[in-house]
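Reading through the structure tokens given below for one structure.
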Amino acid sequence: GVKCYIRYMDDILLFSDSKPELHRLRSRIETFLADRLKLSLTERATYIAPVMQGIPFLGMRIFPGTIRLNHRSRIRFRRKLRQIEEAYRLGDMDEDAFLRSAASLVGHVQQADTWRMRQKMFFDLG
């Protein structure tokens with residue numbers, strides 16, 4: 001019965017103009033998970049907040065009008081990029097595999113507002 005929600009695997013966001021409605025939905029979800037599935041919500045990841053504060057979701061923080069990559073995701077991106085560059089440099093990865101891996105990494109982070117970060121990393125600008 002939720003009008004506005006986003007779900008990806010086990011992550012879910014519920015939206016409402018009514019804070020009491022969100023508390024009611026959270027209670028119903030907790031009951032369903034406990035009674036039917038023998039699961040529980042993670043306390044640190046389950047909260048009710050205004051969207052203007054930004055919503056953490058899938059390694060990003062979503063604000064009205066923009067999406068930012070969170071700190072851990074930026075670090076993971078840089079580390080993984082360095083790893084594949086090193087594997088290519090050492091000959092452990094061919095050029096085609098390197099390009100596919102790099103494109104996959106960039107494809108994920110470009111969903112957020114990361115243009116300047118990518119320009120700086122790939123072209124040494126700024």
Side-chain angles (χ1 to χ4, degrees):
V2 178
K3 291 181 184 175
C4 297
Y5 71 94
I6 298 172
R7 181 174 164 259
Y8 179 77
M9 298 180 73
D10 63 345
D11 290 333
I12 187 168
L13 302 175
L14 304 176
F15 298 92
S16 175
D17 291 329
S18 166
K19 198 171 185 178
E21 169 78 2
L22 291 171
H23 283 288
R24 185 182 64 74
L25 289 167
R26 178 183 176 169
S27 178
R28 288 183 62 200
I29 290 168
E30 285 177 325
T31 300
F32 174 82
L33 289 173
D35 294 349
R36 296 275 192 102
L37 304 176
K38 308 298 184 222
L39 296 172
S40 62
L41 295 174
T42 305
E43 282 301 314
R44 68 173 177 75
T46 306
Y47 58 90
I48 295 171
V51 295
M52 296 306 286
Q53 291 180 358
I55 301 166
F57 191 63
L58 304 177
M60 299 178 196
R61 183 166 287 270
I62 302 168
F63 295 90
T66 192
I67 300 172
R68 304 243 167 93
L69 201 60
N70 72 23
H71 181 71
R72 284 181 49 206
S73 293
R74 278 194 307 273
I75 290 170
R76 194 176 312 116
F77 171 76
R78 289 180 179 128
R79 184 180 306 133
K80 184 65 177 170
L81 188 59
R82 280 194 302 268
Q83 287 172 352
I84 66 171
E85 286 172 337
E86 183 69 5
Y88 176 67
R89 189 182 66 75
L90 294 173
D92 296 336
M93 178 182 282
D94 66 23
E95 183 178 5
D96 191 46
F98 170 76
L99 292 173
R100 281 194 318 272
S101 292
S104 175
L105 289 169
V106 170
H108 177 71
V109 299
Q110 76 181 6
Q111 303 304 311
D113 181 15
T114 59
W115 186 83
R116 284 188 184 102
M117 178 188 84
R118 289 181 283 128
Q119 289 294 309
K120 186 174 182 182
M121 289 185 72
F122 291 115
F123 301 109
D124 251 355
L125 299 177

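In what follows, every heavy atom counts, from backbone to side chain, and hydrogens, waters and symmetry copies are set aside.
- Considering all non-hydrogen atoms of both residues, Ser73 and Gly59 come closest at OG-O, 2.9 Å.
- Ionic pairing of Arg89 and Glu86 is present here: one or more N-O contacts between side-chain nitrogen and carboxylate oxygen are shorter than 4.0 angstrom.
- The CD1 atom of Ile6 lies 6.0 Å from the CZ atom of Phe57; values are rounded to the nearest 0.5 Å.
- Heavy atoms of other residues, nucleotides or ligands lying less than 6.0 angstrom from OH of Tyr47 number more than 12.
- Taking all atoms of both residues into account, the shortest heavy-atom contact from Phe63 to Met52 is CD2-O, 3.8 Å.
- Listed here is the closest heavy atom pair of Tyr8 and Leu58: CD2-CD2, 3.4 Å.
- When atom types are taken as modelled, the side chain of Ser27 and the backbone of His23 share no donor-acceptor pair closer than 3.5 angstrom.
- The distance from the CG atom of Leu105 to the CG atom of Leu81 is 6.5 Å, given to the nearest 0.5 Å.
- Residues Leu69 and Leu13 are members of one and the same hydrophobic cluster, defined by side-chain heavy-atom contacts under 4.5 angstrom among Ile, Leu, Val, Met, Phe, Trp and Tyr.
- Counting only heavy atoms from C-beta outward, the side chains of Gln111 and Ile67 never approach each other to under 4.5 Å.
- To the nearest 0.5 Å, the span separating CE on Met60 from OG1 on Thr114 amounts to 8.0 Å.
- Other cluster members for Tyr5: Val2, Ile12, Leu14, Leu22, Leu25, Ile29, Phe32, Leu33, Leu37, Leu39, Leu41, Ile48, joined by side-chain heavy-atom distances under 4.5 Å among Ile, Leu, Val, Met, Phe, Trp and Tyr.
- Counting non-hydrogen atoms of other residues, nucleotides and ligands closer than 6.0 Å to CZ of Arg74 gives a total above 12.
- Between the side chain of Thr46 and the backbone N or O of Thr42, at least one donor-acceptor pair lies under 3.5 Å.
- Not counting sequence neighbours, the partners of Glu30 by the salt bridge (charged side-chain N to carboxylate O under 4.0 Å, His left out) test are Arg26.
- Taking OH from Tyr88 and CG from Leu99, the interatomic distance works out to 7.5 Å, rounded to the nearest 0.5 Å.
- Here the shortest heavy-atom pairing between Val109 and Phe77 reads CG1-CD1, 3.6 Å.
- For the atom pair Lys3 NZ and Glu21 CD, the distance stands at 8.5 Å (nearest 0.5 Å).
- Going from atom CZ of Arg24 over to atom OG of Ser18 covers 8.5 Å, rounded to the nearest 0.5 Å.
- By the 6.0 Å contact criterion, CG on Asp17 is open, its count of non-hydrogen atoms from other residues, nucleotides or ligands being 12 or less.
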